[in-house]
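First the structure, in the form of structure tokens, and then the observations on it.
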Number of protein chains: 2
Amino acid sequence: MHKMNPMIELSFAEENYLKAIYHLSSGGQNMVNTNAIAERLNTKPASVSDMIRKLSEKGVITYLKYQGVNITELGEKRALWVIRKHRLWEVFLVEKLNFHWDEVHEIAEQLEHIHSSLLISRLDEFLKYPKFDPHGDPIPNEEGIISSKPRIILSELKKGTASELVSMKDTGAVFLNYLDRIGMKIGAKITVIDTIEFDGSLEIKTDEDRVLSISKQVADNLLVIAK
Amino acid sequence: MHKMNPMIELSFAEENYLKAIYHLSSGGQNMVNTNAIAERLNTKPASVSDMIRKLSEKGVITYLKYQGVNITELGEKRALWVIRKHRLWEVFLVEKLNFHWDEVHEIAEQLEHIHSSLLISRLDEFLKYPKFDPHGDPIPNEEGIISSKPRIILSELKKGTASELVSMKDTGAVFLNYLDRIGMKIGAKITVIDTIEFDGSLEIKTDEDRVLSISKQVADNLLVIAK
DNA sequence: ATAAATTTTTAGATTGGCCTAAATTTATTT
DNA sequence: AAATAAATTTAGGCCAATCTAAAAATTTAT
Ligand SMILES: [Mn+2]
Ligand SMILES: [Mn+2]
Ligand SMILES: [Mn+2]
Ligand SMILES: [Mn+2]
């Protein structure tokens with residue numbers, strides 16, 4: 001059955017602030033400062049000050065003047081709801097409409113604000129309940145719970161441990177093209193064979209026991225889940 | 001290949017006004033008056049006066065004070081583009097996400113404002129280039145051309161002419177439930193056998209030579225295309 | 001043709017979301 | 001512990017989209 005969702009009214013702008021604050025606080029852990037929010041949203045610190053006053057009145061964040069912002073339970077729930085919608089739409093665009101993973105973000109930024117929880121549960125069903133979006137980021141469930149193992153950057157993976165590629169930090173076209181070229185894609189199995197002291201580059205073994213060498217810079221942008 | 005679409009910037013509100021004006025003018029034919037727009041959009045005439053000034057400055061409508069509004073070529077094109085998006089999304093919701101036709105309008109009202117012509121051409125392809133939306137309304141093509149035969153109300157169909165049910169005027173749940181009950185749905189073949197003078201009711205023959213009688217009120221709400 | 005009713009526009013206010021410039025608070029140097 | 005720098009808030013303003021109340025134009029009725 002479908003769940004009633006007595007959501008607080010938030011504008012597009014407010015939802016975007018909340019999402020930015022959620023991400024900047026690494027999921028509600030650290031405090032977030034005004035300038036960081038302004039930079040992330042391409043606005044001015046003065047606008048942020050205005051908005052965080054409003055958001056704290058609505059109970060989705062708390063803040064002490066000059067001390068920074070913390071997201072509340074309610075706010076985190078809402079941020080995760082928006083993130084869920086964003087990522088499900090991204091899956092739809094890639095899986096059903098044949099978009100490439102580097103083309104979907106802007107459209108998902110719009111679609112994430114469509115209001116209808118029934119729509120999203122139907123979309124989730126249609127997509128067969130995906131756990132990750134096309135960039136490897138986990139999709140929160142209806143309760144806003146992310147039930148996937150933590151992702152780590154490949155350069156921090158212990159030598160010899162098998163892992164699966166789930167996400168990239170750099171999602172620019174240049175990097176993604178390079179990955180395409182070396183045949184590296186989401187879901188690839190990766191084991192680190194050796195680490196080269198000199199430049200931090202890695203020797204890795206991938207899917208069909210293919211061995212290749214990647215630079216530290218590349219390894220720093222690949223997110224894996226240890227198996 | 002994908003077509004460049006150098007669209008004028010319009011807000012959600014402006015797009016909704018334009019769509020209302022298009023519909024109220026029956027596709028750009030008659031002039032539209034301020035009060036009608038206000039009523040349709042649940043706003044006040046004063047707000048409409050403001051907005052039509054702005055829209056005429058943007059070149060999507062023309063108007064003379066106190067005389068009413070006419071939509072321009074540019075405005076009609078844009079209205080049809082929004083209508084195209086609305087109806088394609090409605091098809092998606094019904095065909096792919098298993099919504100019922102009477103549940104999709106509100107969601108499509110939101111989705112119709114998503115900006116991306118690539119998204120819409122991909123969606124169109126995914127849906128196999130549908131010609132009608134779930135309510136039987138025709139879907140304009142990328143150029144804004146509606147290439148389907150005119151729809152007429154069943155009570156105006158000549159006796160003996162075969163037709164196909166393509167749309168309902170009343171899309172309320174009560175009426176749609178009634179149609180479900182008498183087994184009448186989009187695509188049904190209908191021929192008028194006889195018209196009863198007394199109350200305007202019709203004897204009609206439907207798909208498998210089933211004969212039934214419907215009131216004038218029902219016939220006035222069924223839109224058909226003569227074959 | 002005047003009066004009355006209706007429609008439409010203008011005037012003035014409000015709210016949301018943004019801005020710049022200036023003031024204030026906190027953090028970092030010296 | 002001052003002085004300086006950086007971050008943050010406040011003050012004041014702008015634009016979009018709405019509203020109510022009042023004025024003006026048009027239409028309809030007498
Ligand atoms: Mn994204
Ligand atoms: Mn993503
Ligand atoms: Mn609709
Ligand atoms: Mn429709």
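So you know, we letter chains A, B, ... as the sequences are listed, proteins then strands, and number each from 1.
Summarising the geometry, the separation between CG on A:Leu10 and P on C:dG16 is reported as 12 Å, rounded to the nearest angstrom. Note: CZ (A:Arg53) to P (C:dC18) measures 13 Å, nearest angstrom. Taking atom OH of residue B:Tyr63 and atom P of nucleotide C:dT7, one finds them 18 Å apart after rounding to whole Å. Here the C1' atom of nucleotide C:dG17 and the NE2 atom of A:His113 are 14 Å apart, to the nearest Å. Rounded to whole Å, atom C1' of D:dA7 lies 13 Å from atom CD of A:Glu39. Per the geometry, CD belonging to A:Glu15 stands 15 Å off C1' belonging to C:dG16, to the nearest Å. Atom CD in B:Glu57 sits roughly 13 Å away from atom C1' in D:dA16 (whole-Å rounding). For the pair B:Leu64 CG and C:dT9 P, the computed distance is 10 Å after rounding to whole Å.
Here B:Phe12 lies out of heavy-atom contact (under 4.0 Å) with every strand. Within 4.0 Å (heavy atoms only), B:Ser49 reaches at least one base atom of the nucleic acid.
Using a cut-off of 4.0 Å between Lys/Arg side-chain N and Asp/Glu carboxylate O, A:Lys216 and A:Asp220 are scored as salt-bridged. Between B:Glu57 and B:Arg53 there is a salt bridge, since at least one side-chain N of the basic residue sits less than 4.0 Å from a carboxylate O of the acidic one.
The phosphate of D:dA6 has neither OP1 nor OP2 within less than 4.0 Å of any side-chain N or O from A:Asn35. One finds no side-chain N or O of A:Tyr66 lying less than 4.0 angstrom from the OP1 or OP2 phosphate oxygen of D:dT10. The shortest distance between the side-chain N/O atoms of A:Asn33 and the OP1/OP2 oxygens of D:dT8 is below 4.0 Å. OP1 or OP2 of D:dT10 lies within a sub-4.0 Å distance of a side-chain N or O belonging to A:Lys65. Dashed line: the shortest gap from a side-chain N or O of B:Thr34 to OP1 or OP2 of C:dT7 is not under 4.0 Å.
Distances from the side chain of B:Met51 to the nucleotides D:dC19, D:dT18, C:dT20 place D:dT18 closest. Nearest nucleotide to the A:Ala46 side chain, out of D:dC19, D:dT10, C:dC18: D:dT10.
The aromatic rings of A:His105 and A:His86 lie tilted to each other, with the angle between the two planes from 30° to 60°.
How far OH of A:Tyr17 is from CG of A:Leu41: 5.5 Å, rounded to the nearest 0.5 Å.
If you check D:dA29 for Watson-Crick or wobble pairing at under 3.5 angstrom, you find it paired to C:dT2.
Under the 6.0 Å distance and 45° angle rule, B:Lys96 does not count as a cation-pi partner of A:Phe92.
Along DNA chain C, the nucleotide closest to A:Gln67 and the one closest to A:Asn42 are compared, and the more 5′ of them pairs with A:Asn42.
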